[in-house]
Student: 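What follows is a single structure, and I will ask about it in a moment.
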2 protein chains.
Amino acid sequence: MTNTTLKKISEILGISVSTVSRALKHHPDISVKTREKVIELARTLDYEPNANAVQLRTKNSKLLGLMVPTISNYFYETFIAAVEEDSRKNGYAVMILQSGNDPVIESENLKLFRQNRVSGVFVCLSSNTKDLSSFEKMFDLEIPVVFFDNVPQESGVHKVCLADEKSAHLAAETILQHPYQSILAIFGNPALSITKKREAALKNAFQAHLHISLMIEHANSSEEAKLVCHEMLNKHLPDIIFCMSDEVLIGVLKTIQEKGLRYPDNIALLTISNGTIPRLFHPQITYIETSGEKLGKAAFAHMLNCIQTKTQPTELLVDAVLFNGGSL
Amino acid sequence: MTNTTLKKISEILGISVSTVSRALKHHPDISVKTREKVIELARTLDYEPNANAVQLRTKNSKLLGLMVPTISNYFYETFIAAVEEDSRKNGYAVMILQSGNDPVIESENLKLFRQNRVSGVFVCLSSNTKDLSSFEKMFDLEIPVVFFDNVPQESGVHKVCLADEKSAHLAAETILQHPYQSILAIFGNPALSITKKREAALKNAFQAHLHISLMIEHANSSEEAKLVCHEMLNKHLPDIIFCMSDEVLIGVLKTIQEKGLRYPDNIALLTISNGTIPRLFHPQITYIETSGEKLGKAAFAHMLNCIQTKTQPTELLVDAVLFNGGSL
DNA sequence: AGGATTTCCGCAAAGGTTTGCTGTGGAAAT
DNA sequence: ATTTCCACAGCAAACCTTTGCGGAAATCCT
């Protein structure tokens with residue numbers, strides 16, 4: 001079977017293509033009688049507009065691009081799910097690509113987005129991306145780019161972020177409400193914007209509390225976090241371990257379990273997470289919630305704004321809240 | 001800035017559009033001199049073909065559709081990641097939609113796929129889909145549909161599945177190698193093909209061992225699994241709990257932890273999983289591996305086959321292997 | 001009734017590519 | 001000096017929609 005087109009409908013009805021097109025969109029020029037005939041036939045023939053032809057003619061597609069380092073990630077998947085859902089509800093489809101943290105692939109993916117004439121793209125930068133040069137063409141072509149999670153430092157671009165500073169602050173506050181004296185804080189890849197922000201905020205919060213010992217370490221993966229944690233715990237057992245992310249938390253938990261330590265009895269735990277992982281355990285890990293879902297919804301809303309009106313580049317923040325598990 | 005088109009290039013060079021088009025594809029009709037001039041200019045102008053126009057003309061797009069109940073799922077995400085990666089390497093982009101297990105949305109999504117003229121779609125059926133009627137039009141239009149994971153019972157369609165029977169068999173074998181006398185097996189939504197297959201296979205494997213007590217329960221979510229497990233454990237403590245999936249495992253683990261039980265000392269655990277969740281814990285949970293990645297790769301390879309040649313509908317199986325954690 | 005509006009619809013171009021066919025000039029063959 | 005042939009490039013149609021403009025018929029007004 002071949003697809004139904006305006007032409008086919010017009011031939012059957014013995015009217016012109018343009019009349020059919022207008023009838024289908026309730027254009028006032030078309031009489032009710034004709035319109036109903038057309039709509040009726042279109043339904044029985046199950047007419048479905050050719051999105052390619054539409055976009056070719058109108059130059060605006062109902063396609064959005066979304067790029068993350070990898071789809072398979074506790075945080076991104078909820079973000080993606082949220083964006084997809086809201087997109088669908090607004091008639092948009094989402095084209096999803098992974099950069100694998102490779103700037104070259106990232107650049108190629110942008111090209112793919114352009115070739116498919118997306119109306120806008122959501123991007124979580126690869127951790128190895130040094131500058132925004134591969135995005136220049138997007139800006140030139142005025143394709144809205146909404147960065148999320150790991151965003152560029154530059155101002156003048158659209159960013160939707162978790163309240164990184166605030167969440168680190170909240171973490172610090174939470175810690176300070178307890179009599180912890182020594183803290184081991186493990187962060188992720190130091191090249192990421194979220195890492196920098198969270199680390200700076202945490203350090204800053206503890207500057208007024210010099211009697212508290214704050215050790216800071218970095219790890220690029222769960223495996224590294226596990227190793228780093230092992231090393232650190234061999235030297236000294238802190239009162240609490242703060243984890244910047246799920247990745248880190250997973251490594252830390254393994255070490256703790258392997259060492260036969262129990263939380264919160266032997267050591268306290270606090271992490272930043274969307275909650276999926278912390279709630280798998282018992283007791284549940286106390287965490288500062290950074291919801292991928294909320295971020296996704298915010299990102300989509302902002303995108304819609306950008307597409308419909310020329311929105312000034314802004315940095316949007318999604319709030320962080322504390323979830324009390326039982327690890328403190 | 002506006003996009004570079006063949007026309008723009010042809011005007012600058014003072015040649016015709018068709019010559020430019022042919023030059024860019026190394027058509028033998030075009031002289032080397034002309035070709036090089038064209039390619040050179042195309043590069044400096046950063047020409048990027050309009051995918052919409054190409055597909056409109058050629059009727060074949062480099063777009064694939066992928067639909068899952070929800071992206072945010074331990075198994076699907078690895079499947080999606082694998083499909084996306086292989087697609088990218090083969091010049092395809094992937095459009096991803098979620099059905100939310102709603103047959104109506106599922107049907108609308110198929111329509112979206114058609115409108116965007118995808119060359120093929122991967123579908124994991126929603127658990128509430130009763131028949132394949134909404135897929136008829138895909139078949140009519142000869143758009144390849146590759147079902148995966150939760151697939152229809154009908155034959156005559158393309159299916160890529162985990163070796164459900166085999167994995168359940170493997171589970172049974174593994175259990176039988178130990179002196180376990182009472183087994184609690186918790187399965188997922190009984191409407192799913194994977195549930196049916198796994199359950200039947202497990203039952204079947206134990207028919208020759210009537211001295212072993214096998215209790216079977218169902219749960220549609222982690223929450224339900226937790227409740228069911230609680231109930232069952234209150235009545236009687238089995239030697240081992242078999243979980244059909246991560247969803248179930250998560251619920252079971254919570255119950256076990258809440259009850260202060262330790263595995264493998266008090267109770268043994270065996271699950272079917274892609275490994276992400278089982279390896280988060282310590283000791284790691286022993287599982288039958290059903291790799292979303294392998295499945296994704298198989299699905300893509302099969303899709304490519306379908307697109308390039310008229311492949312006969314087949315059921316492809318991806319093998320299952322045992323991963324020894326420490327929960328037996 | 002005759003002109004002025006309205007109502008309703010079609011023509012044709014445009015958007016960017018691809019491709020079968022035609023056309024040109026020059027070199028080689030006769 | 002014709003004819004033949006080949007290498008090279010352009011014409012034009014097609015894919016499907018959208019939309020500005022123009023035109024015919026029907027309706028209105030005085």
Side-chain angles (χ1 to χ4, degrees), chain A residues 1-39 41-42 45-63 91 111-112 114-119 141, chain B residues 1-39 41-42 45-63 91 111-112 114-119 141:
Chain A
M1 194 178 97
T2 163
N3 255 304
T4 304
T5 66
L6 293 183
K7 192 173 166 194
K8 197 182 289 181
I9 295 180
S10 78
E11 281 167 359
I12 296 180
L13 256 32
I15 57 182
S16 79
V17 177
S18 42
T19 302
V20 177
S21 173
R22 288 190 171 102
L24 255 13
K25 346 184 95 59
H26 290 74
H27 191 288
D29 265 12
I30 308 300
S31 71
V32 184
K33 222 178 68 187
T34 313
R35 188 213 299 160
E36 283 178 350
K37 265 197 316 191
V38 171
I39 290 181
L41 184 61
L45 254 45
D46 201 10
Y47 169 71
E48 290 168 355
N50 184 329
N52 288 290
V54 173
Q55 120 71 222
L56 186 58
R57 175 64 226 240
T58 63
K59 289 171 169 293
N60 76 64
S61 73
K62 285 293 199 175
L63 234 198
K111 185 168 181 172
L112 251 177
R114 286 191 298 265
Q115 289 183 200
N116 283 281
R117 299 300 188 267
V118 297
S119 291
L141 292 173
Chain B
M1 195 180 97
T2 163
N3 256 304
T4 304
T5 67
L6 292 184
K7 193 172 165 195
K8 197 182 290 181
I9 295 180
S10 77
E11 281 167 359
I12 295 179
L13 255 33
I15 58 182
S16 79
V17 176
S18 43
T19 302
V20 176
S21 173
R22 288 190 170 102
L24 288 175
K25 349 185 94 59
H26 288 74
H27 192 288
D29 265 13
I30 308 300
S31 70
V32 185
K33 221 178 67 187
T34 312
R35 188 214 299 158
E36 283 178 350
K37 265 197 315 190
V38 171
I39 290 181
L41 184 60
L45 255 46
D46 201 8
Y47 168 70
E48 290 168 355
N50 184 329
N52 289 290
V54 173
Q55 120 72 220
L56 185 59
R57 173 63 225 237
T58 63
K59 291 172 169 290
N60 76 63
S61 73
K62 285 292 199 175
L63 234 200
K111 185 167 182 173
L112 251 178
R114 286 191 298 265
Q115 289 183 201
N116 282 281
R117 299 300 189 265
V118 297
S119 290
L141 292 173

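Below, chains carry the letters A, B, ... as their sequence lines are ordered, and counting in each starts from 1.
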Student: Please classify the nucleic acid contact of B/Ser21 as base, sugar-phosphate, or nothing, using heavy-atom distances under 4.0 Å.
Tutor: base

Student: Could you tell me the separation between the CG atom of B/Leu6 and the P atom of C/dG15, rounded to a whole number of Å?
Tutor: 13 Å

Student: Can you measure B/Asn52 atom CG to D/dC15 atom C1' for me and round it to whole angstrom units?
Tutor: 12 Å

Student: Starting at CG of A/Leu56 and ending at C1' of C/dG15, how long is that distance when rounded to a whole Å?
Tutor: 4 Å

Student: Round to a whole Å and report the spacing from CG of B/Asn50 to P of C/dG16.
Tutor: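 Nearest whole value for this atom pair: 7 Å.
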
Student: Separation of B/Leu24 atom CG from C/dG16 atom P, in whole Å?
Tutor: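 Interatomic distance, CG of B/Leu24 to P of C/dG16: 15 Å.
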
Student: At under 4.0 Å, does any side-chain N or O of B/Lys59 touch on OP1 or OP2 of D/dC16?
Tutor: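 Yes, within the criterion.
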
Student: If every non-hydrogen atom of A/Lys7 is compared with every non-hydrogen atom of A/Val17, which pair is closest and at what distance?
Tutor: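 That would be CA-CG2, 4.0 Å.
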
Student: Taking atom CD1 of A/Ile12 and atom OG1 of A/Thr4, what is their separation to the nearest 0.5 Å?
Tutor: 8.0 Å

Student: Is A/Lys62 reaching over with its side chain to a backbone N or O of B/Asn116, donor-acceptor style, under 3.5 angstrom?
Tutor: no

Student: With a 4.0 Å cutoff (strictly under), does any side-chain N or O of A/Tyr47 reach OP1 or OP2 of D/dC16?
Tutor: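 Checking A/Tyr47 against D/dC16: no side-chain N or O falls below 4.0 Å of OP1 or OP2.
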
Student: Does the side chain of B/Ser61 pick up a donor-acceptor pair with the side chain of B/Ser119 at under 3.5 Å?
Tutor: yes

Student: Roughly how many Å is it from CD in A/Gln55 to P in D/dC16, rounded to a whole number?
Tutor: 16 Å

Student: Does any non-hydrogen side-chain atom of A/Val38 lie less than 4.5 Å from one of A/Thr19?
Tutor: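 Not in contact.
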
Student: Could you tell me whether the side chain of A/Tyr47 reaches within less than 4.5 Å of the side chain of A/Val20, counting heavy atoms only?
Tutor: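 No; the side chains remain at least 4.5 Å from each other.
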
Student: Nearest whole angstrom, please: distance from the C1' of D/dC16 to the CD of B/Gln115.
Tutor: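 Rounded to the whole Å, the gap is 13 Å.
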
Student: Atom CG of A/Asn60 to atom P of C/dG15: distance rounded to whole Å?
Tutor: 16 Å

Student: For the pair B/Lys59 (side chain) and B/Arg117 (backbone), establish whether a donor and an acceptor sit closer than 3.5 Å, ignoring hydrogens and angles.
Tutor: no

Student: Anything under 3.5 Å between a protein N or O and an N or O of nucleotides 8-14 of chain C, put it in a table, one pair a line.
Tutor:
residue: C/dC9; atom: OP1; partner: A/Ser31; partner atom: OG; Å: 3.3
residue: C/dC9; atom: OP1; partner: A/Thr34; partner atom: OG1; Å: 2.3
residue: C/dC9; atom: OP2; partner: A/Ser31; partner atom: N; Å: 2.7
residue: C/dC9; atom: OP2; partner: A/Ser31; partner atom: OG; Å: 3.2
residue: C/dC9; atom: OP2; partner: A/Thr34; partner atom: OG1; Å: 3.3
residue: C/dC9; atom: N4; partner: A/Asp29; partner atom: OD2; Å: 2.8
residue: C/dG10; atom: OP1; partner: A/Ser16; partner atom: N; Å: 3.4
residue: C/dG10; atom: OP2; partner: A/Ser16; partner atom: N; Å: 3.0
residue: C/dG10; atom: OP2; partner: A/Ser16; partner atom: OG; Å: 2.9
residue: C/dG10; atom: OP2; partner: A/Thr19; partner atom: OG1; Å: 2.1
residue: C/dG10; atom: O6; partner: A/Arg22; partner atom: NH1; Å: 3.0
residue: C/dC11; atom: N4; partner: A/Ser18; partner atom: OG; Å: 3.0
residue: C/dA14; atom: N3; partner: A/Arg57; partner atom: NH1; Å: 3.3

